[in-house]
Asks: 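Below is one structure. I have some questions about it.
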Amino acid sequence: QVRVVESGGGLAQPGGSLRLSCTVSASRFRLYAMGWYRQAPGEERELVARITMSGNTNYADFVKGRFAISRDSADNTVYLQMNNLKPEDAAVYSCNAEGTIGDGVVDYWGRGTQVTVSS
């Protein structure tokens, strides 16, 4: 069984910061990468940032310079530091874990955490 658990969402003022965490717990699951995605009401889900367990990262253009993704491979945990938040960053942020079980490639999602940016 694979569990993906996010935490750290909440309310921030414009220009403020939040830090999201996501931990994957699983047996027989070989983790390859983790990513943060977001979905605002009426919008498609979009990639925010992704990191492989070897440390390679990629970011959506709209968060470059403001958000930073990092990981603790020992704990299968990924963090998303969000700085200089804007109202348009408000969304449900979901964590995705990519990896393999045996020869099969699989991915798992957390339930999501709400981020609200408002004064």
Side-chain angles (χ1 to χ4, degrees):
Q1 176 132 7
V2 178
R3 294 182 66 228
V4 180
V5 180
E6 304 110 330
S7 62
L11 173 65
Q13 293 186 338
S17 298
L18 286 172
R19 189 188 194 213
L20 306 183
S21 300
C22 174
T23 298
V24 177
S25 57
S27 59
R28 302 185 302 118
F29 179 59
R30 183 171 180 176
L31 187 62
Y32 172 76
M34 295 177 72
W36 286 98
Y37 293 73
R38 71 185 190 187
Q39 186 170 23
E43 302 290 332
E44 297 286 324
R45 184 163 59 192
E46 58 188 356
L47 172 69
V48 176
R50 177 179 179 270
I51 186 168
T52 67
M53 292 301 103
S54 60
N56 295 315
T57 60
N58 61 292
Y59 293 91
D61 287 343
F62 53 77
V63 301
K64 284 182 180 177
R66 299 189 298 124
F67 292 10
I69 191 168
S70 60
R71 90 268 189 249
D72 182 340
S73 297
D75 291 336
N76 284 350
T77 297
V78 65
Y79 305 96
L80 185 68
Q81 179 66 43
M82 305 187 293
N83 298 324
N84 191 20
L85 284 161
K86 303 176 180 180
E88 53 264 40
D89 293 320
V92 174
Y93 283 70
S94 298
C95 179
N96 176 262
E98 306 168 40
T100 58
I101 294 180
D103 293 331
V105 177
V106 293
D107 70 309
Y108 296 91
W109 291 90
R111 302 178 104 177
T113 184
Q114 179 70 49
V115 170
T116 302
V117 184
S118 174
S119 55

Asks: Any ion pair linking Asp61 and Lys64 (charged N to carboxylate O, less than 4.0 Å)?
Replies: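 The answer is yes: the pair qualifies as a salt bridge.
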Asks: What's the separation between atom CE in Met53 and atom CD in Glu98, rounded to the nearest 0.5 Å?
Replies: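 Reported to 0.5 Å precision, the distance equals 9.0 Å.
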Asks: I need the minimum non-hydrogen distance between Val4 and Ala97, along with the two atoms involved.
Replies: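 Closest approach of Val4 to Ala97, heavy atoms only: CG2-CB, 4.3 Å.
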Asks: Treating Glu6 as the side-chain partner and Gly112 as the backbone partner, does any N or O pair qualify as donor plus acceptor under 3.5 Å?
Replies: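 The answer is yes, because a donor-acceptor pair under 3.5 Å joins these two groups.
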Asks: Out of curiosity, does Ile101 fall in the hydrophobic cluster containing Leu31 (side-chain heavy atoms, cut-off under 4.5 Å, transitive links)?
Replies: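 Yes, Leu31 and Ile101 fall within the same hydrophobic cluster.
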Asks: Does any part of the side chain of Lys86, heavy atoms only, come nearer than 4.5 Å to the side chain of Phe62, both counted from C-beta?
Replies: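 Not in contact.
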Asks: Look up atom CD1 in Ile69 and atom CD1 in Ile51, then write down how far apart they are to the nearest 0.5 Å.
Replies: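 One finds 5.5 Å between CD1 of Ile69 and CD1 of Ile51.
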Asks: Hey, what do you get for CZ (Arg19) to CG (Leu80), rounding to the nearest 0.5 Å?
Replies: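 Result: 10.0 Å between the selected atoms.
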Asks: Taking all atoms of both residues into account, what is the closest heavy-atom pair of Thr52 and Arg71, and its distance?
Replies: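 For Thr52 versus Arg71, the nearest heavy atoms are O-NE, 3.6 Å.
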Asks: What are the two closest non-hydrogen atoms of Ala90 and Ala40, and how far apart are they?
Replies: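 Where Ala90 meets Ala40 most closely, the heavy atoms are O-CB, 3.8 Å.
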Asks: Measure the CG-CG distance between Asn96 and Asp107 for me, rounded to the nearest 0.5 Å.
Replies: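 Here the rounded value is 4.5 Å.
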Asks: Run through Arg66, Met82, Gln81 and flag the one making a side chain to side chain contact (heavy atoms under 4.5 Å, CB included) with Ser17.
Replies: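 The option that passes is Gln81.
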Asks: Which heavy-atom pair separates Val78 from Met34 by the least distance, and what is that distance?
Replies: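 Looking at all heavy atoms of both residues, the shortest contact is CG1-CE, 3.4 Å.
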Asks: Using a 6.0 Å cut-off, check whether atom CD of Glu44 has over 12 heavy atoms from anything other than its own residue.
Replies: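 Counting neighbours around CD of Glu44, 12 or fewer heavy atoms of other residues, nucleotides or ligands fall under 6.0 Å, so no.
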Asks: Given side chains that start at C-beta, do those of Trp36 and Ser94 come closer than 4.5 Å, heavy atoms only?
Replies: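 Sidechains of Ser94 and Trp36: no contact.
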Asks: Looking only at non-hydrogen atoms, find the nearest pair between Val115 and Leu20 and report the distance.
Replies: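 That closest heavy-atom pairing would be CG2-CD2, 4.2 Å.
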Asks: Angle between ring planes, Phe29 versus Tyr108, binned at 30° and 60°: parallel, tilted or perpendicular?
Replies: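 Answer is perpendicular, since the angle exceeds 60°.
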Asks: Side chain of Tyr37, backbone of Trp109: donor and acceptor closer than 3.5 Å?
Replies: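 Not a single qualifying donor-acceptor pair exists.
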Asks: Which heavy atom in Leu85 sits nearest to a heavy atom in Ala12, and how many Å separate them?
Replies: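 Scanning both residues, the minimum pair turns out to be CD1-CB, 3.7 Å.
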Asks: Of Glu43, Arg45, Glu46, which meets side chain to side chain contact (heavy atoms under 4.5 Å, CB included) against Arg38?
Replies: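 Single pass found, and it is Glu46.
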Asks: Counting only heavy atoms from other residues, nucleotides and ligands, does the tally under 6.0 Å from OH of Tyr32 exceed 12?
Replies: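 Incorrect, the count does not exceed 12.
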Asks: Would you say the side-chain atoms of Gln114 pair up with the backbone N or O of Gly9, donor to acceptor, closer than 3.5 Å?
Replies: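 No; zero donor-acceptor contacts below 3.5 Å.
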Asks: Distance alone, cut at 3.5 Å: any donor-acceptor contact between the side chains of Ser118 and Thr116?
Replies: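 Ser118 vs Thr116: no donor-acceptor pair found between side chains.
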